[in-house]
Amino acid sequence: MGLFDKLKAAVQKTRDILRTDVRDLFKSGVILDEVKLEEFHRGLIHTDMGVVAATALVDEIRAKCGGRTVQPSEIWDTVRAKLKEILKGKGDAVWDANRPLSPLKQAESGPTVILVCGVNGVGKTTSIAKLANFLQKNGKKVVLAAGDTFRAAAVEQLTMWAQRLGCEIVTKASGSDPAAVAFEGCDKAAQLGADYVIIDTAGRLQTATNLMQELGKVHRVIGKRLPGAPHESLLVLDATTGQNGVNQATKFSEAAGCTGIILAKLDGTAKGGVVIAIRQLMGIPVKYVGLGEGIDDMQVFSPDGFVDALFGDA
Amino acid sequence: MLEGLTKSLTESLGSLFRGKLTESNIREGMQKVRQSLLEADVNYDVARDFCAKVTEEAVGERVIKSLNPTEQIISIVFQELINLMGPVDHSIEMRRGELTVLMMCGLQGSGKTTTCGKLARMLKEQGAKPMLVAADLQRPAAIEQLRVIGEQVGVPVYSEDPANSSPVKVCQNGRKAAEKQGCNILILDTAGRLHVDDALMKELIEIDNKLMPHQAFLVCDAMTGQDAVKSAKAFNDALELDGVILTKLDGDTRGGAALSVKAVTGVPIKFIGLGEQLDKIQPFHPDRMAQRILGQGDVATLLEMAQDKLDAQEIERQQERMLQGKFSLDDFLASMQQMKKLGSMKSLLKMIPGMGQVAAALDQFDGMDPDKDLKRVEAMIRSMTLDERRNPDKIDRSRRNRIASGSGTDPVEVNELLKQFKTMAGMMKQMAGLSMVDKMRAMGDLQSMMRPGAAMGMEKQRSVRGPVKRDEIRDQKKKERKQAKDARKRNKKR
């Protein structure tokens, strides 16, 4: 299976919607009127990319070809180019499919610290397991820190993964200070000479101020143990999330300085289009995508692949 | 809860109803309503139909000719929102003399296991004997999680070793165990699954066929976007759902999923989850939700909470003291403790009509946290002696300084508190005679005073001497003049 085939399969549904809709709409020699633009708008909204971005796209198309007889390829070029431009940003992120670790920043010396956060139930722990598996496969030594000391059995869940993967894990009793777990994780990684330490955090809604402050503390404490850390602060985002994803990105960035997104659960019918809005508004790039519950179901994000798979090769 | 949607709807309705109402500006306003619904993740088609319906009714002659078109349109939007989300019946039907089986299902991470715990706790409080079954053999430690939750709420949990069992088997054995233990309600916690995963959906249908659950609930994340409709539909097609439980509504999600799930699948929303703690579950009320959306507050919930949590005797005692004019700082402290039981000031403010924006404004100014202020007030009162609390008039400069340094505040703040207390005690005397509902109404009147600019029309308050009493002052001055005159006369005679 090619590298993007899976991704393509995952967003196949979107592609179907958009391809059929738009092909119907933009048959060569079809006049592009408001009714058709409205239909196109609907299709874009259904990807969760956001009203503002979708409206902007439709406006652009309207300005370019409104009321004219259009060629489908013309429209496709506009849409694809626009979305890729948004997702790529100004060259501040690297996605090299041949080097799976390319999106991650690395510490100049000592262990690289990755802090993982997100709201409840987005798949943080599973994503961490996948990421650890990814790193280990590339010959890196990984230490996990079970910083979710709140939810029932969260520590057990990560411990099970650590056993399956055969990597080190730092745990503390339920209810203890997550910052202490993070600190100890960094400590252990430095002692063992590990390459990466991945710190789990409890799921929290971005509106819970005290919990967000706790996250800020975890972030600070890591920096105290290993200067410059965390080198990566990844926000896990559920692909089914709607426009609330933007709020999540905003608030989590304030607390933990997010440097990237892991887009999880992209194997359903949801499109995860909200990352387009997030990239546009806050500049946070997607780094990896989760495509299933299996340990290998994770891939490096590719803007071209994402957009092309989203719209197919029509 | 849905402040986000409320805000943008208020904005669009605000611009809509400035000036005269015409067909064109109704349409323009409805365009905005539609955009804000879409931004709130309401399904595209649902939002479009909603707006079409409201526009149709609003454009009719009836509205344009009515005396107050603004109010009428708001009431139409309100009514349509209720129609969209309701009607709802949030009872869980119990089978008599038989084990009632409830099945929970949903996508991964929607909050099924936590919701199971919340439901079990709620049912237990209502006098039922629930049992939980851990049928999620997929996710590592899911069984462990349910077991911990079961322990917390004091409900038995049935589980099996995932290595040599299957979800169907666990459920069947769980039912036997429940019958043996004399439980009367069984809650099945199934694994999270994608609605497009055929194998797992088949497994769910198999459980449904074998166990014949009396009710099947879909647990749905309130933050879900356009996809909410699709997954709800797929689960409904597979299982014939009896209800939806919407979770994570305590965040700042605009909760559009609530509007669309019901509209598209016809499955009612029964409960809402408002936090990770196991008591954070509430029945879903479409009218309350619609009220919040339109910025009319949620007085009904506030009243219910007040009745639920406040100590009635204590309140009665306080009211009596107020009536007798004996309300002391001590009582004030006690009533503050009562208020705290209801939650933070900010969350209370949000429930009072029209105060939602005040609460939002408070969020923007760091220095204006009513809860923080309350803490300071408490510290100040606690730094006073009992005697001082009962007779605040006794507090002179020296005492004031002592209280300030004792509570880590400024003497000015102590002074401020004493002044406020005096005015408040007067107000309370008036309020004491009213019933709870009348009090709420009085709060509504207060709201009009809170409007910015309203204060300008009020008579100037004299901070030290209290309100001006013109007649008294006039009499006083007259008396003084007379005395002075008499004194002069007497001096002359000598």
Side-chain angles (χ1 to χ4, degrees), chain A residues 13 38 41-48 50-52 54-55 119-126 129 150-161 163-164 174 202-208 211 238-245 247-248 251 264-265 267-274 292-293, chain B residues 4 34-45 47-48 107-114 117 138-152 191-197 221-228 230-231 234 247-248 250-257 275-276 363:
Chain A
K13 297 270 175 180
E38 174 88 16
H41 191 218
R42 173 174 181 273
L44 287 174
I45 293 280
H46 269 286
T47 66
D48 277 326
V51 184
V52 179
T55 310
V119 298
N120 316 61
V122 288
K124 280 178 300 304
T125 311
T126 311
F150 179 79
R151 201 197 70 195
V155 175
E156 283 85 345
Q157 191 183 348
L158 197 66
T159 311
M160 276 187 202
W161 278 120
Q163 280 164 0
R164 283 186 209 174
S174 169
R204 63 202 73 215
L205 287 180
Q206 68 275 16
T207 46
L211 291 178
D238 189 331
T240 56
T241 307
Q243 296 313 300
N244 193 245
N247 293 15
Q248 289 175 22
K251 296 276 173 64
K265 306 189 198 172
D267 47 334
T269 48
K271 332 294 181 304
V274 70
E293 280 189 291
Chain B
R34 194 183 76 153
Q35 175 157 351
S36 63
L37 288 174
L38 287 177
E39 276 168 6
D41 289 323
V42 175
N43 181 268
Y44 191 92
D45 301 326
R48 196 189 47 202
L107 300 174
Q108 289 100 333
S110 50
K112 283 177 299 304
T113 309
T114 309
Q138 208 117 29
R139 184 165 58 99
I143 298 176
E144 191 57 37
Q145 189 189 350
L146 194 66
R147 216 179 279 153
V148 173
I149 286 174
E151 231 165 73
Q152 281 170 5
R193 62 201 76 219
L194 282 172
H195 52 285
V196 287
D197 189 331
D221 185 334
M223 291 184 284
T224 318
Q226 299 285 329
D227 201 47
K230 262 181 251 159
S231 53
T247 58
K248 305 184 200 174
D250 48 327
D252 57 357
T253 174
R254 297 161 89 177
E276 280 188 278
D363 276 336

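Just so it is clear: chains get the letters A, B, ... in the order the sequence lines come, proteins before strands, and each one is counted from 1.
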(message) Please report the interatomic distance OG1(B:T247) to CG(A:N120), rounded to the nearest 0.5 Å.
(response) 9.0 Å

(request) Measure distances from B:I143 to the heavy atoms of chain A and classify the residue's part below 4.5 Å as side chain, backbone, both or neither. (result) neither

(request) Please name the pair of heavy atoms, one in B:V196 and one in A:D267, separated by the smallest distance, quoted to 0.1 Å. (result) CG2-O, 4.1 Å

(message) Check the orientation of A:H46 and B:Y44. Use parallel for under 30°, tilted for 30 to 60°, and perpendicular for over 60°.
(response) tilted

(message) Is B:Q138 close to chain A through its backbone or its side chain, or both, or neither, when contacts mean heavy atoms under 4.5 Å?
(response) side chain

(request) Go through B:G117, B:A141, B:S110 and name the one with the most non-hydrogen pairs under 4.5 angstrom from chain A. (result) B:A141

(message) Heavy-atom pairs under 4.5 Å with chain B: which of A:T241, A:V122, A:T125, A:T55 has the most?
(response) A:T241

(message) Which residue in the set B:R139, B:E144, B:Q145 passes side chain to side chain donor-acceptor pair (under 3.5 Å) when paired with A:Q157?
(response) B:R139

(request) Indicate yes or no for a side-chain donor-acceptor contact from B:K248 to the backbone of A:V119 under 3.5 Å, with no hydrogens or angles considered. (result) no

(request) Pick one of side chain, backbone, both or neither for A:R164, based on which atoms fall under 4.5 Å of a heavy atom in chain B. (result) side chain

(request) Can you measure from CG (B:D227) to NZ (A:K265) and round to the nearest 0.5 angstrom? (result) 11.0 Å

(message) Other residues, nucleotides and ligands only: do more than 12 of their heavy atoms fall within 6.0 Å of CD on A:E38?
(response) yes

(request) Please flag which part of A:E156 lies under 4.5 Å from any non-hydrogen atom of chain B: side chain, backbone, both or neither. (result) both

(request) Tell me, for B:R48 versus chain A, whether the close heavy atoms (under 4.5 Å) come from the side chain, the backbone, both or neither. (result) side chain

(message) I'd like to check A:L205 versus B:D250 (side-chain heavy atoms, cut-off strictly below 4.5 Å). Are they in contact?
(response) yes

(request) Heavy-atom distances under 4.5 Å only: say whether B:N43 touches chain A with side chain, backbone, both or neither. (result) side chain

(message) I need the B:M223 CE to A:N247 CG distance, nearest 0.5 Å.
(response) 10.0 Å

(request) Pick one of side chain, backbone, both or neither for A:V274, based on which atoms fall under 4.5 Å of a heavy atom in chain B. (result) neither

(message) Any non-hydrogen side-chain atom of A:Q243 less than 4.5 Å from a side-chain atom of B:L38?
(response) no

(message) Can you tell me how far apart CD1 (A:I45) and CD (B:Q226) are? Round to the nearest 0.5 Å.
(response) 6.5 Å

(request) Would you name the heavy atoms of A:N244 and B:D41 that are closest together and state the gap between them? (result) N-OD2, 3.9 Å

